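Step one of this worksheet: look at the structure below.
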Amino acid sequence: MIGRFVAALVVASVVALGGIGRGSATDESIARPGDSPSAKSGGRMITLSDFGAEDLAYLAIPATPPTLAIVLVPDAYGLDAFTKAEADRLAALGYLVAAVDIYNGKQTTDPGDLVNLIANLNAATVMKTIDGGIRLFHESPKFRVDHVVAMGWGAGATYVFQAARENKTLDGAITFYGPVESRDHVIGKFAAPLCAVYPEHDPATTHDDVLAFQQLMKEAGNDCEAWFIAAGSGWSNPNSKTYNPTEDKEAWKVALPFLIRIGAEPVKPKDSILDKAKAKIESIFK
């Protein structure tokens, strides 16, 4: 189970490790994907059955050949219109996107139903679905790309966090109002760089939490950026009572540069036969 994790503060290319990142309008040209005038619905539903999962995903394809793909993991509302719109908007920016369905087709905005849906989520099944989305972009002859990033909100961010920690084929991860980890013995070495954006006044993720775990994350050698946004959890989704479009733009001014950075990095070399054998042996003893 994922506990309370706090990302170490590495504000990429701006300040050295140790400062608190705050989403800010440092570049007015960087805005929320929804601000793109070319964003429009044009995705389609696909199955991930060829890539180890039986769930569906909403696939949004950009007009130009992409070098980076994004696996979107929805919040508690499921694969709703908002999540599909974000996939379309990111595709309009040139990214190949698959928004995965973690609820097996179910959607709701009723608070009681949301609680039940979240309570009945099977972590292993959700991770299998996310892995299927990642495999789609690594193995599909039609949609293979150089880099794959996982991105999630709230409930979905919990699983994106886990993927960043465990999935060695992932190139990066972005979490919006996601989990925090307070157990130093589980911090460990993450498999992928992480960009985590938190509510500034959320009691579950305080500045003290961040400062306390900053040194632990640094010592673990993790590539991590943590930022605070002046809004409550749920700032991105119009279905949320704390929806804040102004601060949502600030969050994207953090996320988009991270995507650009990951997309500009050298392509990871493919594992050799020895690497694959080693990974197989390690998995046996996990």
Side-chain angles (χ1 to χ4, degrees), residues 30-75 78-102 126-153 156-157 159-160 163-164 167-176 191-195 236 251-252 254-270:
I30 300 175
R32 181 176 181 271
D35 294 336
S36 172
S38 61
K40 61 181 181 178
S41 178
R44 58 188 174 89
M45 297 301 297
I46 62 168
T47 178
L48 299 172
S49 57
D50 290 338
F51 305 99
E54 296 304 319
D55 293 287
L56 300 175
Y58 178 81
L59 182 68
I61 304 173
T64 56
T67 58
L68 186 145
I70 302 170
V71 177
L72 288 186
V73 186
D75 199 352
L79 188 53
D80 56 3
F82 159 75
T83 308
K84 292 178 180 178
E86 294 296 82
D88 289 332
R89 290 160 178 165
L90 284 163
L93 294 178
Y95 300 109
L96 180 61
V97 187
V100 299
D101 185 357
I102 63 174
V126 174
M127 293 308 300
K128 190 175 182 180
T129 300
I130 296 173
D131 289 345
I134 296 170
R135 285 183 58 189
L136 164 70
F137 295 134
H138 280 308
E139 300 175 15
S140 169
K142 187 174 182 180
F143 298 115
R144 187 177 301 165
V145 294
D146 295 335
H147 300 286
V148 180
V149 171
M151 179 187 300
W153 299 264
Y159 300 103
V160 170
N167 195 312
K168 295 180 180 180
T169 68
L170 199 60
D171 295 287
I174 299 174
T175 57
F176 293 123
L194 175 68
C195 176
S236 286
W252 280 107
V254 171
L256 291 180
F258 181 81
L259 289 174
I260 293 169
R261 174 204 142 189
I262 297 299
E265 290 180 351
V267 179
K268 291 180 180 178
K270 291 185 177 179

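The first residue of the sequence shown is numbered 1, and numbering continues consecutively from there. Remember, predicted model here, so these are calculated numbers, not experimental data.
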Grab the two heavy atoms, one from [X] and one from [Y], that are nearest each other, plus how far apart they are.
| X | Y | value |
| --- | --- | --- |
| D88 | A60 | OD1-CB, 3.8 Å |
| A98 | A57 | CB-CB, 4.4 Å |
| F176 | A255 | CZ-CB, 3.8 Å |
| L48 | T129 | CD1-O, 3.7 Å |
| G152 | A157 | O-CB, 3.5 Å |
| V100 | P74 | O-CD, 3.1 Å |

What's the spacing between [X] [atom1] and [Y] [atom2] if we round to 0.5 Å?
| X | Y | atom1 | atom2 | result |
| --- | --- | --- | --- | --- |
| I262 | L259 | CD1 | CG | 8.0 Å |
| L72 | I174 | CG | CD1 | 9.5 Å |
| F143 | L59 | CZ | CG | 5.0 Å |
| R135 | T169 | CZ | OG1 | 9.5 Å |
| I102 | M127 | CD1 | CE | 11.5 Å |
| H147 | R261 | NE2 | CZ | 11.0 Å |

Quiz item: Between M151 and V160, is a side-chain contact (heavy atoms from CB on, under 4.5 Å) present by the stated rule, with each step listed?
Solution: CA-CA 6 Å; M151 179 187 300; V160 170; 5.8 Å; no

Open item on the list: When you compare the side chains of Y58 and D101, does any donor N or O come within less than 3.5 Å of an acceptor on the partner?
Closed with: no

Legend entry - Expected output: side-chain R144 to main-chain F137 donor-acceptor under 3.5 Å: no

Quiz prompt | Option among L96, D171, I70 that satisfies the side chain to side chain contact (heavy atoms under 4.5 Å, CB included) test with V145 | solution =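 So the option named by the test is L96.
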
Decide yes or no for L256 and L93: does some side-chain heavy atom of the first lie under 4.5 Å from some side-chain heavy atom of the second? yes

